[in-house]
Amino acid sequence: MMHDTQKAAEATFLLLDWYDRHHRDLPWRVSPPMARKGAVADPYHVWLSEVMLQQTTVQAVRAYFNKFLKLWPTIDDLAAADAEDVMKAWAGLGYYARARNLKKCAEAVAGEHGGHFPNTEEGLKALPGIGDYTAAAIAAIAFNRRSAVLDGNVERVISRLHAIETPLPAAKPEMRARVLALTPEDRPGDFAQAMMDLGATICTPKRPACSLCPFRSSCLALATADPETFPRKAEKKQKPLRLGAAFVAIDNSNAVYLQKRADTGLLGGMTEVPGTGWTARRDGETSIYAQPFAARWEHCGAITHVFTHFELRLSVYRANVQRAETGANGWWEPIASLKAQALPTVMKKAIAQAIPNAFKAERS
DNA sequence: AATACGGGGCC
DNA sequence: GGCCCAGTATT
């Protein structure tokens, strides 16, 4: 027992030493040198970054994080913001329930907690959009709590370090216990970020750079098997194909007809062009009967978009209409301002198929 | 325990 | 074209 504890302490030391030498400068992070001077991470920044980073890479998050902080410098600003503006700012980042929950969470913290985040995992997890991972991460990084931070990166690192044969997600409790055993009392936040950085840069899904790893002398997968084959995972089923149509109406003032999707479900609360439902039926052939306006609809090709659980092929139709009559749920948006709308990527693809220059920097 | 929920980068 | 991600909420 004493032996295991000692080995764990040594591994933790090696990781933190690696982190001190290789940490990355990220907008929401307090670097180890700054931390030693007494700098503390702002819980608002930590929370905002962690929510954005859910299933999303650092590269994609950077610009959004900076934009959000500029638009809403404090949690109270975000709580007071217009929900539609938040959706617009989030457009393109994906998983839009995160944006809706972000707003709800800001309102809860501002309204019920005096603008201060709870400083325990339990308190944090009670807030909208904060689950196991994010609660543990905020508790560790912003409040110096010794919590077990387990995300996709850490799952990979810990599964290789201990050559865990149990497939995910069943292996999570074992992984959590292994992570907690390595988590130190004094720098739990740095430890968590070090584990995630290690997974992102060294212990990568493919072709891990084991020779550069601080765990190279104790990694069981490296010693006995092929590290790349961890973590073991249950088999996944294949995505079905769904078909539909999208209608891009352009009026005589060069505006496109847009409407808002329902607040819940797929792309909830986001903006779209009118279309048919997305089903497995051959809607591409019947879609012309679902046209939102009586007009000379011209078929201008199809676009494909892959969602998490299905693949979508949309036939795109375009028509020039004489007058801009606003429907019950929609509005006419000038092409020049389309970029600022809450349009998810699939809708931008559809519009770009009908109007190739719609999202270009300059257009005539 | 399984499913719904985006998007982009990588090979 | 398939795989992977700094996951959460719902059922």
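The structure presented is a predicted model; accordingly, all values stated were derived computationally and were not measured.
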Please give, in whole Å, the distance from [N] [atom2] to [X] [atom1]?
X: A:E311; N: B:dG6; atom1: CD; atom2: C1'; result: 14 Å
X: A:Y133; N: C:dC5; atom1: OH; atom2: C1'; result: 12 Å
X: A:L53; N: C:dC5; atom1: CG; atom2: C1'; result: 11 Å
X: A:Y64; N: C:dA6; atom1: OH; atom2: P; result: 19 Å
X: A:I138; N: C:dG7; atom1: CD1; atom2: C1'; result: 13 Å
X: A:M270; N: B:dG6; atom1: CE; atom2: P; result: 9 Å
X: A:M52; N: C:dA6; atom1: CE; atom2: P; result: 17 Å
X: A:L102; N: C:dA6; atom1: CG; atom2: P; result: 20 Å

Determine the contact category for [X]: base if any of its heavy atoms lies under 4.0 Å from a base atom, sugar-phosphate if only primed atoms, P, OP1 or OP2 are that close, otherwise nothing.
X: A:F307; value: sugar-phosphate
X: A:L312; value: nothing
X: A:G268; value: nothing
X: A:R62; value: nothing

Same apolar cluster: A:L53 and A:V149, side chain cutoff 4.5 Å: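 The answer is no; the residues belong to distinct hydrophobic clusters.
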Nucleotide nearest [X] (side chain, heavy atoms from C-beta), chosen from [options]:
X: A:T345; options: C:dT8, B:dG7, C:dA6; answer: B:dG7
X: A:L266; options: B:dG6, C:dG7, C:dA6; answer: B:dG6
X: A:K233; options: C:dA6, C:dC4, B:dG7; answer: C:dC4

Quick one: which protein N/O atoms are closer than 3.5 Å to N/O atoms of nucleotides 9-11 of chain C? Pair and distance per line, please.
unit_1 : atom_1 : unit_2 : atom_2 : d
C:dA9  : OP1    : A:G129 : N      : 2.4

A:L93 backbone acceptor or donor facing A:R98 side chain under 3.5 Å: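 Answer holds: yes.
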Suppose you measure atom [atom1] in [N] against the same atom in [M]; what distance do you get, rounded to whole Å?
N: B:dG6; M: C:dC5; atom1: C1'; value: 12 Å
N: B:dG8; M: C:dA9; atom1: C1'; value: 23 Å
N: C:dT8; M: B:dG9; atom1: P; value: 23 Å

More than 12 heavy atoms of other groups within 6.0 Å of A:H116 NE2: no
Taking distance alone, no hydrogens or angles, what donor-acceptor pairs closer than 3.5 Å link side-chain atoms of residues 10-18 of chain A to residues at least two apart or in another chain?
unit_1 : atom_1 : unit_2 : atom_2 : d
A:T12  : OG1    : A:A8   : O      : 3.0
A:T12  : OG1    : A:L182 : O      : 2.6
A:D17  : OD2    : A:R21  : NE     : 3.3
A:D17  : OD2    : A:R21  : NH2    : 3.1

Side-chain donor/acceptor of A:T308 to base of B:dG6, under 3.5 Å: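 Present.
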Nearest atoms (heavy-atom pairs only) where [X] meets [Y]:
X: A:I303; Y: A:K349; value: CG2-O, 3.7 Å
X: A:T308; Y: A:Y95; value: OG1-OH, 3.5 Å
X: A:R146; Y: A:T183; value: NE-O, 2.7 Å

Of all pairs that satisfy salt bridge (Lys or Arg N to Asp or Glu O under 4.0 Å), the ones with a partner from residues 149-167 of chain A, not counting sequence neighbours: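 As it turns out, the salt bridge (Lys or Arg N to Asp or Glu O under 4.0 Å) pairs with a partner in residues 149-167 of chain A, which skip direct neighbours, are A:E155-A:K172, A:E165-A:R232.
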Residues in ring pair (Phe, Tyr, Trp, His ring centres under 6.0 Å) contact with A:H305, at least two apart in sequence or another chain: A:F307
Side-chain donor-acceptor contact under 3.5 Å, A:N320 with A:R296: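 Checked: A:N320/A:R296 side chains show no N/O donor-acceptor pair below 3.5 Å.
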Full working for ring pair (Phe, Tyr, Trp, His ring centres under 6.0 Å) between A:W90 and A:F68: CA-CA 9 Å; A:W90 196 276; A:F68 268 68; 5.7 Å; yes
Got a list of protein N/O to nucleotides 9-11 of chain B N/O distances below 3.5 Å?
none

Indicate whether OP1 or OP2 belonging to [N] is found under 4.0 Å from a side-chain N or O atom of [X].
X: A:T56; N: C:dG7; result: no
X: A:H309; N: B:dA4; result: no
X: A:Q55; N: C:dG7; result: yes
X: A:H305; N: B:dG7; result: yes

Aromatic ring proximity, centroids under 6.0 angstrom, A:F65 and A:W47: no
Proximity to DNA chain B (any heavy atom under 4.0 Å), residues of residues 43-50 of chain A only: none
Residue-level proximity of residues 85-97 of chain A to DNA chain B when a heavy atom falls under 4.0 Å: A:G92, A:L93, A:G94, A:Y95, A:Y96
Proximity to DNA chain C (any heavy atom under 4.0 Å), residues of residues 143-173 of chain A only: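 Only A:D151, A:G152, A:N153, A:R156 qualify.
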Intermediate values then yes/no, side-chain hydrogen bond (donor to acceptor under 3.5 Å, both in side chains), A:E333 and A:S337: CA-CA 7 Å; A:E333 188 69 41; A:S337 57; 2.6 Å; yes
Listing, residues 105-112 of chain A side-chain donor-acceptor contacts under 3.5 Å, not counting sequence neighbours, or none:
unit_1 : atom_1 : unit_2 : atom_2 : d
A:E107 : OE2    : A:K103 : NZ     : 2.6

Aromatic plane relationship, A:H299 with A:Y317 - under 30° parallel, 30 to 60° tilted, over 60° perpendicular: tilted
Salt bridge (Lys or Arg N to Asp or Glu O under 4.0 Å) involving A:R178 - partner list, sequence neighbours excluded: none
Side chain to side chain donor-acceptor pair (under 3.5 Å) contacts touching residues 59-80 of chain A (sequence neighbours left out):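 For residues 59-80 of chain A, and leaving out neighbouring residues, the side chain to side chain donor-acceptor pair (under 3.5 Å) pairs sorted by first residue read A:T74-A:D77.
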Sequence neighbours excluded, every pair satisfying side chain to side chain donor-acceptor pair (under 3.5 Å) that has a member inside residues 125-136 of chain A: A:E50-A:Y133, A:Q54-A:T134, A:K125-A:D132
